[in-house]
Amino acid sequence: MFALIDCNNFYASCERVFNPELNNQPVVVLSNNDGCVIARSNEAKALGIPMGQPAFQLEKLIRENNVKVFSSNYALYGDMSSRVMNILSQFSPELEVYSIDEIFLKLEGFDLYDFHAYGTQMITTVYKNTGIPISVGIAPTKALAKVANKIAKKFKDRTNGTYVINTPEKIEKALRWTEIGDVWGIGRRYATKLKNIKVNNAWQFTQLPAQYVLKEMTIVGHRLHRDLSGVPTLELDEIAIKKNIAVTRSFDKMLDDYEDMKERVSTYAAKVSSKLRNQNSCCKVAYIFIHTNGHREDLPQYSNGITVQLPYSTNSTIVISKAALRGLSRIFKKGYQYKKAGIILMDLTPDTEKQLTLFYKEDHRHQILMKTIDRLNLNCFDKVKFGGQDLNHTWKMRQEHLSKRYSTRLNEIITVKC
DNA sequence: TCTGGGGTCCTAGGACCC
DNA sequence: TCTGGGGTCCTAGGACCC
């Protein structure tokens, strides 16, 4: 059996842990630059606030319903996530952290367990130790565990947060209840396509001939088809190192000056290089892109990107920054209002396995320098920067509703008044 | 005024090899 | 009239996830 545990309205729940006044209130969390809604409490969902809606379009609704608004606080969410995952990892030796708020556990050898009671135990433990509410779905396959989780959440009153699918009858019932577009792995495109042939729920999907699914939805759809039918097909994915690492950001305002763009790209290059070192990898290729504001139809549009080969496999901020700026110089065009830039590092290898080159010699002092900078920045909160970066804090993300980093900064720790 | 930021996997087709 | 039979690697684009 597999369990899929996910945190209810995760970002909103994190805010509530440290601010109990938010309980039973509509809460939303916004994306970077306070752009779009990316998390909603149940009360906010009930008001009809959709995922991804731009915040400025919701001003009236927010005001009239006293919706509590937060800028995203990834320091807080990331730390709360690792606490939750740590606790849940004690419930099975085999696990896959699937996203910031979801984890699969493989329950092999748990045949004698009362799964519902086990799920309840997870919920109680996580809530007691972190304050985060979770839901638990347990079923013979990963795809069915996803379905079970959805049911656990939807019928919380009856399920108490845990739902177990363990018989063919329950599989059929659960699949008939699941709309095709809500199936894990069926996105908008496939949902439309399937509805056109009168496949409206997950059960009808499992009744399609395997050959048809393979042909129309590739091997990916075929695996899902089996897994959903109750034949274990999708296995736990091992925790792998990432194959791409990116930092891409919209600016708080539009930029047309080359020097400003250089500064942005340098800053992103430094961020992304530090992420790369953090997973002990090096990269061979960097992709740099810039584009104008696609929402401004009144302005001329331009977007471009370029792949830059690095002289050797590296994770040095100095080398990666230089390459990124070289890329920028090739794609930057004067006369446009830019809104976004990004850098994606590709062709990653573990830094212990990097290929040396014959013609370029890496400056080994970089490694020592980077290590020192990383250590300083860990302790001193990103105070060490390179000359090309945003030394004067000229660029700030719009974060007008940012909560404190309660769990990772001593000087932002919560104060309790008696 | 204001519109996010990450990731993965698969396939088809082109360019190339012998 | 008729024009081989294997391969590999790379890339762009499409689908999906949170």
Side-chain angles (χ1 to χ4, degrees), chain A residues 4-7 9-11 28-40 50-60 62 69-74 77-78 81 85 96-104 142-143 146 149 180-194 213-224 234 237-254 268 271-272 275-276 279 284-285 287 289 291-299 305-307 309 337 339-348 397-401:
Chain A
L4 186 264
I5 298 103
D6 103 346
C7 301
N9 315 319
F10 182 53
Y11 296 171
V28 299
V29 178
L30 306 179
S31 61
N32 281 348
N33 276 318
D34 292 345
C36 302
V37 173
I38 55 167
R40 307 156 294 158
M51 193 72 166
Q53 175 104 19
F56 74 90
Q57 294 172 359
L58 288 166
E59 262 164 36
K60 185 157 172 272
I62 285 171
V69 179
F70 289 88
S71 307
S72 33
N73 182 347
Y74 289 106
Y77 310 151
S81 169
M85 298 308 170
E96 174 190 349
V97 176
Y98 181 67
S99 74
I100 194 165
D101 72 334
E102 282 175 78
I103 183 171
F104 283 103
K142 283 175 85 176
K146 271 272 191 185
N149 182 286
I180 193 64
D182 291 338
V183 174
W184 182 46
I186 309 257
R188 269 225 303 274
R189 292 296 181 95
Y190 284 147
T192 309
K193 204 162 162 177
L194 288 165
V213 176
L214 180 62
K215 185 165 162 277
E216 296 297 325
M217 301 171 68
T218 79
I219 190 70
V220 181
H222 185 246
R223 288 187 196 129
L224 172 68
L234 306 173
D237 279 334
E238 291 163 32
I239 308 137
I241 58 164
K242 289 197 171 59
K243 296 177 174 172
N244 297 297
I245 291 187
V247 169
T248 71
R249 291 280 183 283
S250 300
F251 315 138
D252 56 339
K253 56 188 177 194
M254 291 186 284
Y268 298 169
K271 274 187 208 280
V272 79
K275 270 172 128 179
L276 183 66
Q279 82 156 28
K284 273 251 43 177
V285 173
Y287 178 79
F289 72 84
H291 58 76
T292 49
N293 187 345
H295 296 285
R296 291 291 299 269
E297 286 169 12
D298 54 323
L299 296 175
I306 188 169
T307 307
Q309 302 287 330
Q337 299 280 320
K339 181 62 180 169
K340 183 169 180 172
I343 165 162
I344 305 172
L345 302 182
M346 302 180 297
D347 248 23
L348 308 191
M397 246 194 301
R398 196 164 40 245
Q399 289 185 311
E400 289 171 7
H401 314 278

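The sequence lines fix the lettering, A, B, ..., with proteins before strands; numbering per chain opens at 1. Please read these numbers as outputs of a predicted model, since none were measured by experiment.
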Which is true for [X] with a 4.0 Å heavy-atom rule: it touches a base, it touches only sugar-phosphate, or it touches nothing?
X: A:Glu102; result: sugar-phosphate
X: A:Asp101; result: sugar-phosphate
X: A:Ile245; result: sugar-phosphate
X: A:Lys193; result: nothing
X: A:Ile186; result: sugar-phosphate
X: A:Val272; result: nothing

> Among all residues two or more places apart in sequence or in another chain, which pass the side chain to side chain contact (heavy atoms under 4.5 Å, CB included) test with A:Lys242?
Replying inline: A:Ile245, A:Gln279
>> Using heavy-atom distances to pick each residue's nearest nucleotide on DNA chain B, tell me which of A:Lys275 and A:Arg296 is more 5'.
In response: A:Arg296
>> Quick check: on DNA chain B, is the nucleotide nearest A:Glu59 upstream (toward 5') of the one nearest A:Ile241, or the reverse? Name the residue that is more 5'.
In response: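 Its nucleotide being nearer the 5' end, the pick is A:Glu59.
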>> Reading DNA chain B in the 5' to 3' direction, which nucleotide is the first one with an atom under 4.0 Å from a heavy atom of chain A, and which is the last?
In response: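 Using the under 4.0 Å cut-off, the span is B:dC2 to B:dT11.
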> Do the side chains of A:Tyr11 and A:Ile100 get nearer than 4.5 Å, heavy atoms only?
Replying inline: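 Side chain of A:Ile100 against side chain of A:Tyr11, heavy atoms only: contact under 4.5 Å found.
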> Which distance, rounded to the nearest 0.5 Å, do you find between the CG of A:Leu30 and the OG of A:Ser72?
Replying inline: 7.0 Å
> Is C:dG7 paired to anything, Watson-Crick or G-U wobble with both distances less than 3.5 Å, and if yes, which nucleotide?
Replying inline: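 The base-pairing partner of C:dG7, which may sit in any strand shown, is B:dC16.
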> Is the NZ or CZ atom of A:Lys340 both under 6.0 Å from the centre of the six-membered ring of A:Phe251 and within 45° of that ring's axis?
Replying inline: no
> Would you call the rings of A:Phe289 and A:His291 parallel, tilted or perpendicular if under 30° counts as parallel and over 60° as perpendicular?
Replying inline: parallel
> Ring centroid separation for A:Trp184 and A:Tyr190, is it under 6.0 angstrom?
Replying inline: no
> C1' atom, B:dC17 versus C:dG4: distance in rounded Å?
Replying inline: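 Their C1' atoms lie roughly 15 Å apart.
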